[in-house]
Amino acid sequence: MGQFNEQVYEVVKQIPPGRVASYGQVARMIGRPRNARFVGFALHSNPQPGIIPCHRVVFKDGSLAPGFAFGGPEAQRALLEQEGIQFLDDGRVDMEQCCWEVY
DNA sequence: GTCCTGACGAGTA
DNA sequence: GTACTCGCCAGGA
């Protein structure tokens with residue numbers, strides 16, 4: 001595996017509870033602003049169970065991929081709600097309040 | 001070994 | 001405002 005995936009995991013692992021990050025944001029953090037695609041692909045390809053909170057990585061819009069792998073979008077929504085993430089009426093994450101800020 | 005596809009995002013037409 | 005294309009890397013067939 002290339003370091004790209006490792007970097008992705010490293011960043012995603014650092015997302016604190018109650019916060020979400022977009023694929024593009026993660027991609028930008030690892031120095032690959034155009035690799036947002038592969039951020040999601042990396043998580044899909046090699047999700048370390050219990051280490052990588054994939055559910056905290058969402059679209060820039062705040063919504064998730066159509067074919068999620070947790071067991072349905074409902075499962076993810078439940079997980080995010082448990083962490084205190086607020087959902088909009090559209091069923092999207094409130095990126096305005098929950099977007100992960102890098103220190 | 002080569003070709004194709006894949007959890008995105010931003011720009012252009 | 002909507003639709004389409006390009007960019008980028010890695011893994012599977």
Side-chain angles (χ1 to χ4, degrees):
Chain A
M1 302 203 295
Q3 292 186 331
F4 175 80
N5 286 34
E6 285 189 33
Q7 293 287 84
V8 172
Y9 303 143
E10 190 109 355
V11 172
V12 174
K13 283 191 296 185
Q14 292 177 49
I15 301 175
R19 287 271 129 102
V20 294
S22 64
Y23 295 100
Q25 184 154 8
V26 174
R28 190 169 295 189
M29 288 175 190
I30 64 179
R32 297 282 183 299
R34 294 171 164 71
N35 290 40
R37 255 182 133 173
F38 315 112
V39 173
F41 191 47
L43 298 176
H44 171 71
S45 193
N46 231 352
Q48 311 286 336
I51 303 180
I52 305 176
C54 308
H55 59 277
R56 287 183 197 148
V57 185
V58 298
F59 276 64
K60 192 184 169 236
D61 292 351
S63 55
L64 258 182
F68 206 63
F70 291 86
E74 299 178 3
Q76 185 184 18
R77 180 176 142 181
L79 287 168
L80 294 174
E81 283 187 320
Q82 279 183 39
E83 295 182 350
I85 294 173
Q86 300 176 7
F87 274 76
L88 301 176
D89 190 33
D90 294 354
R92 300 177 203 182
V93 178
D94 190 351
M95 293 297 284
E96 296 296 304
Q97 294 186 31
C98 300
C99 74
W100 180 32
E101 301 175 29
V102 188
Y103 300 93

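Keep in mind that what you see is a predicted model, and the values were worked out from it rather than measured. We name chains A, B, ... by the order of the sequence lines, and we start the count at 1 in each one.
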### Message
Could you check whether any side-chain N or O of A:Y23 sits under 3.5 Å from a backbone N or O of A:N35, counting only pairs where one atom can act as donor and the other as acceptor?
### Response
no
### Task
Look at the side chain of A:R56 and the backbone N and O of A:I15, then say whether any donor-acceptor pair between them is shorter than 3.5 Å.
yes
Calculate the interatomic distance between [X] atom [atom1] and [N] atom [atom2]; express it in whole Å.
| X | N | atom1 | atom2 | value |
| --- | --- | --- | --- | --- |
| A:N46 | B:dA7 | CG | C1' | 14 Å |
| A:N35 | B:dA10 | CG | P | 13 Å |
| A:H44 | C:dG12 | NE2 | C1' | 11 Å |
| A:I15 | B:dA7 | CD1 | P | 19 Å |
| A:Q7 | C:dA10 | CD | P | 12 Å |
| A:L80 | B:dA7 | CG | C1' | 14 Å |
| A:Y23 | B:dA10 | OH | C1' | 17 Å |
| A:D61 | B:dC8 | CG | P | 12 Å |

### Task
Find which nucleotide of DNA chain B each of A:G24 and A:F41 is nearest to by heavy atoms, and output the residue with the more 5' nucleotide.
A:F41
### Query
Which residue lies toward the 5' end of DNA chain C, A:A36 or A:S45, if each is placed at its nearest nucleotide?
A:A36
### Query
Rounded to the nearest 0.5 Å, how far apart are CZ of A:R77 and OG of A:S63?
13.5 Å
### Task
Measure from the side-chain heavy atoms of A:F4 and tell me the nearest of B:dA7, C:dC9, B:dC8.
C:dC9
### Query
Can you tell if the side chain of A:W100 reaches within under 4.5 Å of the side chain of A:V11, non-hydrogen atoms only?
yes
### Task
Using only side-chain N and O atoms of A:K60, determine if any of them is under 4.0 Å from OP1 or OP2 of B:dC8.
no
### Task
Return yes if the base of B:dG9 and the side-chain atoms of A:R37 contain a donor-acceptor N/O pair under 3.5 Å, otherwise no.
no
### Message
Taking any heavy-atom pair under 4.0 Å as a contact, classify A:F59: base, sugar-phosphate, or nothing.
### Response
sugar-phosphate
### Message
Counting only heavy atoms from other residues, nucleotides and ligands, does the tally under 6.0 Å from CZ of A:R32 exceed 12?
### Response
no
